[in-house]
Amino acid sequence: MERRQLDEKIKEVSKVIFSYCRSRTSSQYDAEDLAQDIVVEIYRSAANIRDDRAFYGFMWSVAGNVYRQWCRRKRQNLEVSSAEGFHGDDFGQDTGAEAAFESVLGEDSDIMLLRRELALLAEKYRTATILYYLEDKPCSRIADILSVSESMVKYLLFKSRKIVKDGMNMERSYGEQSYNPREFDSFFWGDWNKYGNICDSRLVQNILFACYNDRLNAEQISLEIGVGLPYIENEIKKLCEYDLLRMDGSKYYCNLVIFTRDFKREAGQKTAHLKENIARAVKQAVLGKEAEIRSLGFAGADMDGNTFRWQAACMLLWQAVIRKFQETVELDYPVDVFGSRGFHWGAEKESAETAGSREAGEKRSVGWSFGNAMVNHEAGYIKFMDFPVNGKFVHHYFFNSKLHTNVFFDIAAGKTEHFSENDRVMAAEMVSRGYVVQKNGDLTVNAPVFTEEQIGRLWAVLEEPVSEIVAICREMFEENARLLKNHVPAHLKKQAAQMPYFTILGNAISAPMRRLYAEGFLLPAEDGGMLPTTFAVLKA
């Protein structure tokens, strides 16, 4: 190729060559240096170009060879600088330091490796590096910004270069949580919840999961979850302040019990027969005791069969699981970093696949979490155990007003002759909500109403099945405690031994009721009918 033609070709591709070099270097200075080397080599080897059509292939071949040689020279310079070691003020001077740092660039992929390693630098090293190399600040200014000595700045720069170089020569793999993050719901049971929404973000949850079974330093956490250290350092610090993360040397470990998917899956399989046993005990008691229960003569004893099955099943499970088992379990509340007594834990959410299957199933079964509440009053109490399958959920919020509760118990006791206009307005509202019905001008509560004597006799009738269910609950609690201890870190095993207490409502009430519903023993309550899971007790 003639020199004039070659000059025109190089002028034509000069911008392309510079863009190629700029994408492979960290400064414009190096890009210009590399581009000049490539152009010189093209001129030197131009005699090998057969014709115009071969120019571009030849150009890229030369560019690749020159770039590889350039990288080798840079690496050699870095090795010489590193071999000299750190000599106080002599290392880290502005002259030569930039070249030493930037010479870690190697093959095409090395820019990405450099960025990866910068993202893994601890804050003190990363800040000094950014200020010096990217913001072009002298060591004296960086010392002022970081409130350290100038000698310390030079040490940080020296150390960061070494860390980056070593890291670029390592094989690093991102952990599973980088592409398959995990999530959990956070719960607290105790005196005073100081944790607020600290565990609400997926980032925080995955930091805790990363350190759950393994003790990791900050760099390892970053790789496991696929998030650079600059984005997680403050979160790690906050988690340590709340004692949700603890340190062992330079490594972190999780200090929060998490009911993982693996635990829930294993516990579900190994306690399935116990849930079936509770459902069987409920069914047998409701059918076998129906005549005896109705004969107690409480208001509403003539309810229809489906409502009776709902009411009797809920009363039986409330008495057995909540009053006879759960309320008698003595918990040794741990004291947290704030001095509050309580349990704080997480329950891992299901995977997308499992959640999708569950969602499809719940469209058929409507879900089985339930609202358990009681409203106390000087005249008695109202008990709620509301399941979404029957519509309204946790009716008791309506009765937070004492005025409403006064009117309700007056209606339950048949004392309505003194009602004021305001009382009648509230009674009308209760009728519209289904808590009260009006027949022939009389108001009556739309739920079973017991006297204290009648409710005492009811518990006596149910004593045998209650005892049977309590025994099953105890066995379930012990089995879940044994299993949970196998799924938590060693330092949490003692706390975990008590925590199946918080799963008992779902395992011993929701699951059996769902089974009874699936069998057709329970049917959805009819609109306008008696409340299926609410009853009231009048004091003498």
Side-chain angles (χ1 to χ4, degrees), residues 271-301 303 305-331 368 370-376 380-387 447-481 500-517 519 521-522 531-539:
T271 62
H273 67 289
L274 299 175
K275 298 169 189 174
E276 293 175 5
N277 290 345
I278 291 177
R280 173 190 49 77
V282 170
K283 186 175 182 178
Q284 289 180 351
V286 171
L287 294 176
K289 305 288 186 179
E290 180 172 0
E292 193 172 359
I293 292 173
R294 288 186 185 271
S295 70
L296 296 175
F298 55 90
M303 68 187 86
N306 184 53
T307 302
F308 175 83
R309 289 190 290 274
W310 275 105
Q311 288 283 358
C314 288
M315 292 176 186
L316 176 57
L317 289 173
W318 178 57
Q319 180 73 353
V321 179
I322 298 174
R323 296 190 66 192
K324 292 295 185 179
F325 177 75
Q326 194 180 51
E327 289 187 0
T328 58
V329 175
E330 293 187 7
L331 297 176
W368 285 91
F370 69 96
N372 171 52
M374 179 186 290
V375 175
N376 286 298
Y381 62 85
I382 317 168
K383 182 71 185 73
F384 303 90
M385 192 180 288
D386 305 315
F387 292 87
V449 178
F450 296 82
T451 64
E452 285 186 303
E453 187 269 337
Q454 289 168 338
I455 200 70
R457 287 163 56 198
L458 173 65
W459 302 142
V461 169
L462 297 176
E463 183 176 0
E464 184 177 343
V466 163
S467 297
E468 180 182 358
I469 294 172
V470 168
I472 298 172
C473 287
R474 187 166 292 110
E475 183 180 354
M476 185 182 293
F477 177 88
E478 292 171 355
E479 176 65 5
N480 280 330
Y501 173 90
F502 305 110
T503 68
I504 200 69
L505 295 184
N507 290 329
I509 296 180
S510 291
M513 291 292 280
R514 180 173 184 168
R515 181 175 298 277
L516 292 172
Y517 181 83
E519 293 175 358
F521 181 73
L522 299 173
L531 298 177
T533 58
T534 299
F535 68 91
V537 175
L538 292 173
K539 293 181 180 178

For [X], all residues meeting side chain to side chain contact (heavy atoms under 4.5 Å, CB included), sequence neighbours excluded:
| X | result |
| --- | --- |
| Arg515 | Glu276, Ala279, Glu519 |
| Ser510 | Trp368, Phe370 |
| Glu479 | Lys270, Thr271, Arg482, Leu483 |
| Leu287 | Lys283, Phe521 |

How about [X] and [Y]: do any of their side-chain heavy atoms sit closer than 4.5 Å?
| X | Y | answer |
| --- | --- | --- |
| Met303 | Pro532 | no |
| Leu505 | Ile322 | yes |
| Pro512 | Val282 | no |
| Met513 | Leu317 | yes |
| Ile293 | Leu462 | yes |

Applying salt bridge (charged side-chain N to carboxylate O under 4.0 Å, His left out) as the test, list every pair that has at least one member in residues 313-327; sequence neighbours left out.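 Output for this query is empty, none listed.
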Heavy-atom pair of closest approach, residues [X] and [Y]:
| X | Y | value |
| --- | --- | --- |
| Ala285 | Leu316 | CB-CD2, 3.8 Å |
| Lys383 | Ala373 | NZ-O, 3.4 Å |
| Val286 | Ala312 | CG2-CB, 3.8 Å |
| Pro448 | Gln311 | CD-NE2, 3.3 Å |

Gln326 (side chain) donor-acceptor with Phe502 (main chain) under 3.5 angstrom: no
Which residues share a side chain to side chain donor-acceptor pair (under 3.5 Å) with Glu463, sequence neighbours left out: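 Counting only residues at least two positions away or on another chain, Glu463 forms no side chain to side chain donor-acceptor pair (under 3.5 Å).
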Going by the rule side chain to side chain donor-acceptor pair (under 3.5 Å), which residues pair with Glu292 if we only count those two or more places apart in sequence or in a different chain?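 Scan of Glu292 (side chain to side chain donor-acceptor pair (under 3.5 Å), adjacent residues dropped) gives none.
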Among Phe384, Phe535, Phe325, which residue meets the ring-ring contact (aromatic ring centres under 6.0 Å, His included) test with Trp318? Phe535
Please, which pairs that meet side-chain hydrogen bond (donor to acceptor under 3.5 Å, both in side chains) have at least one residue in residues 447-456, sequence neighbours excluded?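 As it turns out, the side-chain hydrogen bond (donor to acceptor under 3.5 Å, both in side chains) pairs with a partner in residues 447-456, which skip direct neighbours, are Thr451-Gln454, Glu453-Arg457.
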What's the separation between atom [atom1] in [X] and atom [atom2] in [Y], rounded to the nearest 0.5 Å?
| X | Y | atom1 | atom2 | value |
| --- | --- | --- | --- | --- |
| Trp310 | Thr533 | CH2 | OG1 | 7.5 Å |
| Cys314 | Arg309 | SG | CZ | 13.0 Å |
| Leu296 | Ile455 | CG | CD1 | 8.5 Å |
| Ile509 | Met385 | CD1 | CE | 4.5 Å |

Distance-only donor-acceptor pairs under 3.5 Å for side chains of residues 468-476, two or more places apart:
{"residue": "Glu468", "atom": "OE2", "partner": "Arg280", "partner atom": "NH2", "Å": "3.4"}

Can you sort out the partners of Glu478 under salt bridge (Lys or Arg N to Asp or Glu O under 4.0 Å), two or more places apart, ordered by chain and number?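 Checked Glu478 against salt bridge (Lys or Arg N to Asp or Glu O under 4.0 Å); zero matches.
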